[in-house]
Number of protein chains: 2
Amino acid sequence: MGIAERREREKHNLRQEILDAASELFAREGYANVSMRKIAEQIEYSPTTIYLYFKDKTDLLKQICEETFGKLIETVAAIERAGVGEPLDCLRKGMRAYIDFGLRHPYHYEVTLITPLAGAINQEDYPYEGSAGQQAFEYIVRQVGRGMELGQFRPGDVATVSQAIWAAIHGVTALMISHPDFPFVDREALIEQVVEMTIKGLQS
Amino acid sequence: MGIAERREREKHNLRQEILDAASELFAREGYANVSMRKIAEQIEYSPTTIYLYFKDKTDLLKQICEETFGKLIETVAAIERAGVGEPLDCLRKGMRAYIDFGLRHPYHYEVTLITPLAGAINQEDYPYEGSAGQQAFEYIVRQVGRGMELGQFRPGDVATVSQAIWAAIHGVTALMISHPDFPFVDREALIEQVVEMTIKGLQS
DNA sequence: CTGTTAGATTAACACTGTTAAGTAGGTTTT
DNA sequence: AAAACCTACTTAACAGTGTTAATCTAACAG
């Protein structure tokens, strides 16, 4: 019924319209539970029209996620601009920002960082180089590097330490998203514990 | 009356046969890529026969995972039996065992601990209480409790600290499984870093 | 021989992502 | 103005999914 009614309405913003509709549906119902037909119904177009603008479902997802993770980079960049003084404090704030971001965008975090295996999203089509995720990770690397140079952190391999930090914050974020029914202690306390425990483990 | 027993045994055999076939397929090709029809073909029965023994696909998965995680518990129990002396060392060994287990059974780890959300496996049908996963977690709780009593660990809430530890080891395990193409540093070095960083962060 | 029952099957439903082919509407060319 | 072309979109279909209802078959009990 929507097809005829829609005709007079918009035309060229269709790509963005698809993106917006899919983004909201993915975030609300989860990637796996949203079909192409459901997206199409939402925007009042035929399902196949989506394929004129996106290669396939994972492509659609990838575009949305890059968009979403752009926000994380903004947040992180703002932290870096604000306080260049203490790498330890920058790191702490960066870790919290990362976790908060994940918990605020659970479905986007899920599809990009928790379950890329199943969705086969991390193919050669979507290189890691230059991606939003990488840029966020590089932030950690910079802080660790500075912290070691200043002698605030125990010496070690910067890359190894950075990835270990990433593992820690990913761990708590992923657990909270994937296991919403698990009897976690107070969430804020748990995040605090992970962040402080990690930093304590780094200090010299 | 021997006939009834034989039938009972045969029924049990088929159940196990399904379980074995599904387990191997899930582990090799991934849960999402294995259809009920594929499992049926493997055991040379009609697809619907599986439904006589298992409620649905997630039920099948759940049974397999409990079975698999039983092995983790065995490993962990062996550690506990072996060295009751140092809680710090027990914890270290437990963490490594956990990570190693995950990396050795990546698909089982994935479906139970990384992506239970999508599969909707952690419903009320499958309570956490008494599950293999819980028993493994309880091991961590015991070591942390002992470590604090002995004054080896910084004082704190045992549950919070335990969950933070779990988050850390889950993080590195999940990342390595979900992002096989990520340019990780040497895996062993990364695991070492996570474990030692975490323990360092706990010590008083 | 009849009735019952457990175990397995066939057919079907309502979905999924995706592709090939076809069709209106407007623009350009002849 | 008519014919050709092109873009944007749609319809129909394919091959697959998990799952259910109805059906068949063989072995049992009375």
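Quick note on labels: first sequence line is chain A, next is B, and so on, each numbered from 1.
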Check this for me: does the side-chain of B/Arg37 come within 3.5 Å of the base of D/dG16 through a donor and an acceptor?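 Between D/dG16 and B/Arg37, which were checked side chain against base, a qualifying N/O pair under 3.5 Å is absent.
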Can you tell me the distance, in whole Å, between the CG atom of B/Asn33 and the P atom of D/dA15?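 It is 20 Å, rounded to the nearest whole Å.
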Check: A/Gln163/B/Gln193 side-chain N/O donor and acceptor closer than 3.5 Å: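 Judged by distance alone, the side chains do not pair up.
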Tell me the interatomic distance from B/Leu52, atom CG, to C/dT5, atom P, rounded to whole angstroms.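 Checked: the CG to P distance equals 17 Å.
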Touch class at under 4.0 angstrom, heavy-atom based, for B/Tyr45 against every strand present: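 Counting heavy atoms under 4.0 Å across all strands, the contact made by B/Tyr45 is with sugar-phosphate only.
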Name the orientation class of the two ring planes belonging to B/Trp166 and A/Phe184 (parallel below 30°, tilted from 30 to 60°, perpendicular beyond 60°).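 Correct class here is parallel.
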Here's a test for you: under salt bridge (Lys or Arg N to Asp or Glu O under 4.0 Å), which of A/Lys200, A/Arg96, A/Arg187 qualifies with A/Glu192?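 Output: one option passes, namely A/Arg96.
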Give the rounded distance in Å between these two atoms: OH of B/Tyr51 and P of D/dG18.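 So the OH-P distance, B/Tyr51 to D/dG18, works out to 6 Å.
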Spacing between A/Ile43 atom CD1 and D/dC9 atom C1', to the nearest angstrom: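 Between C1' of D/dC9 and CD1 of A/Ile43: 11 Å.
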Sugar-phosphate, base or nothing in reach of A/Thr49, heavy atoms under 4.0 Å: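 Base contact.
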When the distance from CG of B/Leu14 to C1' of C/dA6 is rounded to whole Å, what number comes out?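 After rounding, the gap between these two atoms is 13 Å.
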Flag side-chain contact, heavy atom, 4.5 Å: B/Ile64 against B/Val111: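 Sidechains of B/Val111 and B/Ile64: no contact.
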Using atom CD of B/Glu41 as one end and atom C1' of D/dG16 as the other, report the distance to the nearest whole Å.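 Distance check: B/Glu41 CD to D/dG16 C1' gives 13 Å.
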Residues A/Thr49, A/Ile43; criterion side-chain contact (heavy atoms from CB on, under 4.5 Å); working and verdict: CA-CA 10 Å; A/Thr49 301; A/Ile43 58 171; over 6 Å; no
Round to a whole Å and report the spacing from CD of B/Glu17 to P of C/dA8.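 Roughly 10 Å, once rounded to whole Å.
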Taking the six-membered ring of A/Tyr31, is NZ or CZ of A/Lys57 closer than 6.0 Å to its centre and within 45° of its axis?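 The answer is yes; both the distance and angle limits are met.
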Find which nucleotide of DNA chain C each of A/Ser35 and A/Thr48 is nearest to by heavy atoms, and output the residue with the more 5' nucleotide.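 The residue whose closest nucleotide sits nearer the 5' end is A/Ser35.
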Is it true that atom CD of B/Glu41 has more than 12 heavy atoms of other residues, nucleotides or ligands lying nearer than 6.0 Å?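 It does not: B/Glu41 CD has 12 such atoms or fewer within range.
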Over the length of the helix from C/dC1-D/dG30 to C/dT30-D/dA1, how much do the five-pair end axes diverge, rounded to 10 degrees?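 The angle, to the nearest 10 degrees, is 30°.
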Take atom OH of A/Tyr53 and atom C1' of D/dT10, then tell me their distance rounded to the nearest Å.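 In whole Å, D/dT10 C1' lies 13 Å from A/Tyr53 OH.
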